[in-house]
Amino acid sequence: MEKVELLVNNNVDVKGSLEFWGDMDSYNENLLEFKNSLEEKINSLEYYKNSKDCANYAIIAHSMKSEAKYLGFKNEAEIFLSHELKGKENDINFIETNFDNLKQVTKKIIEILNKYFENSSKKIILIADDSNIILNFLEENLNNYNIIKAKNGNDAIEAIKTNNLYAILLDLNMPDLNGFDVLEFLKEHNLINKIPIVVITGDDTKETIKKAFSYQILDILNKPFTEENIKRILNSINNFYEKDKI
């Protein structure tokens, strides 16, 4: 539901975290809980610091460390760990000297996650095409959506793994892995019927069209296409989800 690039660009190990949580829905649910808990936890840490209660300080720091680690904030987890260990050692001097830095680190996590979740109202569409012209034209005409762009099949598959996608616009002719390779990945992972897939192609031969529809795609967007063609495709995508409500 959100743009994972925002997390990755801030050194969050999303890929490693998914090995623990299993899927983006579980990851996002726990990430949101983590975000919502941070302000209360930093206030608790400050209270225990001022009270010179190092034992309880260490308990809160341990909780923040564990959650940060399993959610991919590895660098921040190391900072929380240092405060946990110093709390266990009753090193109040270290805690008081380094507490402002801890607060800034926590504030930065909250800022990142606020930006991450503020995009949740926008659905994500993956556009996979090796043409910058096509990518930019589609992005301009899909400005009500969060757009993830991939220029080859490998990047497309990575985006599929790490995002809760509303739809996929997939070019067939791409370097590395092509569109059919991506379709095969979607089929093998039982996603072919769960995400509406629109194939983008300049090849309108009977063989190519037949092969594409053998993967149960939603529709085909033939090159060159217009804004009206994109509106038609969006209607098809929206209808894909509406049929499940009937």
Side-chain angles (χ1 to χ4, degrees), residues 1-124 126 146-150 154-155 158-165:
M1 65 182 175
E2 299 78 14
K3 280 196 170 184
V4 174
E5 296 99 311
L6 174 65
L7 298 181
V8 174
N9 290 340
N10 282 280
N11 300 314
V12 182
D13 183 15
V14 177
K15 186 176 182 180
S17 296
L18 288 176
E19 294 178 4
F20 177 80
W21 296 108
D23 58 68
M24 282 302 297
D25 286 341
S26 296
Y27 176 70
N28 283 326
E29 181 180 346
N30 284 277
L31 196 63
L32 183 59
E33 290 182 7
F34 176 57
K35 178 185 82 73
N36 291 339
S37 72
L38 284 176
E39 187 171 348
E40 180 181 351
K41 286 181 176 177
I42 201 68
N43 289 337
S44 295
L45 284 178
E46 189 158 23
Y47 172 80
Y48 291 130
K49 172 184 72 73
N50 294 338
S51 304
K52 300 188 187 305
D53 184 348
C54 291
N56 279 311
Y57 186 96
I59 291 172
I60 300 298
H62 169 79
S63 172
M64 296 172 74
K65 174 209 69 178
S66 297
E67 292 174 353
K69 176 183 176 182
Y70 288 118
L71 290 166
F73 288 85
K74 292 185 175 181
N75 294 333
E76 294 81 357
E78 289 298 318
I79 294 173
F80 297 145
L81 172 61
S82 67
H83 280 259
E84 175 192 355
L85 295 176
K86 294 301 181 179
K88 289 179 178 179
E89 296 170 5
N90 291 309
D91 190 344
I92 191 64
N93 182 61
F94 174 90
I95 291 171
E96 290 177 342
T97 302
N98 293 279
F99 188 74
D100 284 345
N101 179 60
L102 180 69
K103 285 183 69 173
Q104 289 302 315
V105 168
T106 306
K107 181 181 178 181
K108 181 62 176 178
I109 294 175
I110 294 172
E111 289 176 353
I112 292 168
L113 294 182
N114 280 339
K115 290 179 182 178
Y116 179 66
F117 283 107
E118 76 183 4
N119 292 324
S120 61
S121 61
K122 283 190 175 183
K123 300 177 176 68
I124 300 176
L126 167 64
N146 279 328
I147 301 300
I148 295 176
K149 295 186 284 188
N154 285 323
D155 289 346
E158 192 61 33
I160 292 165
K161 289 179 180 178
T162 56
N163 291 277
N164 186 11
L165 298 175

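Just so it is clear, the structure is predicted and the values come from calculations on it, not from any experiment.
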Could you tell me the separation between the [atom1] atom of [X] and the [atom2] atom of [Y], rounded to the nearest 0.5 Å?
| X | Y | atom1 | atom2 | answer |
| --- | --- | --- | --- | --- |
| Tyr57 | His62 | OH | NE2 | 15.0 Å |
| Leu102 | Lys49 | CG | NZ | 10.5 Å |
| Glu46 | Ile60 | CD | CD1 | 13.5 Å |
| Asp155 | Ile148 | CG | CD1 | 11.0 Å |
| Thr97 | Lys86 | OG1 | NZ | 11.0 Å |
| Asn50 | Glu96 | CG | CD | 8.0 Å |

Please indicate whether [X] has more than 12 foreign heavy atoms, meaning atoms of other residues, nucleotides or ligands, lying under 6.0 Å from its [atom1].
| X | atom1 | result |
| --- | --- | --- |
| Lys74 | NZ | no |
| Phe94 | CZ | yes |
| Glu111 | CD | yes |

*Quickly, which of Val14, Leu31, Val12 forms a side chain to side chain contact (heavy atoms under 4.5 Å, CB included) with Leu71? Name it, please.*
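Single side chain to side chain contact (heavy atoms under 4.5 Å, CB included) partner of Leu71 among Val14, Leu31, Val12: Leu31.
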*salt bridge (charged side-chain N to carboxylate O under 4.0 Å, His left out): which pairs involve residues 54-71, sequence neighbours left out?*
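Pairs touching residues 54-71 that pass the test: Lys41-Glu67, Lys65-Glu84.
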_Any donor-acceptor N or O pair under 3.5 Å, side chains Tyr116, Asn28_ =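 Short answer, yes.
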Look only at the side chain of [X] and the backbone of [Y], and say whether a donor-acceptor pair between them is shorter than 3.5 Å.
| X | Y | result |
| --- | --- | --- |
| Asn163 | Leu165 | no |
| Tyr27 | Gly22 | no |
| Ser66 | Ser63 | no |

What heavy-atom pair brings [X] and [Y] nearest, and what distance separates the two atoms?
| X | Y | result |
| --- | --- | --- |
| Asp23 | Asp25 | OD1-N, 3.1 Å |
| Val105 | Glu76 | CG1-CG, 3.5 Å |
| Glu39 | Ile110 | N-CD1, 4.3 Å |

Could you tell me whether the side chain of [Y] reaches within less than 4.5 Å of the side chain of [X], counting heavy atoms only?
| X | Y | answer |
| --- | --- | --- |
| Leu45 | Met64 | yes |
| Lys108 | Ile112 | yes |
| Leu6 | Lys115 | yes |
| Asp91 | Cys54 | no |
| Leu113 | Leu7 | yes |
| Tyr47 | Asp53 | no |
| Ile109 | Phe34 | yes |
| Glu158 | Lys15 | yes |

_Mutual orientation of the aromatic rings belonging to Phe20 and Tyr70 [parallel < 30°, tilted 30-60°, perpendicular > 60°]_ =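 Plane angle under 30°, so parallel.
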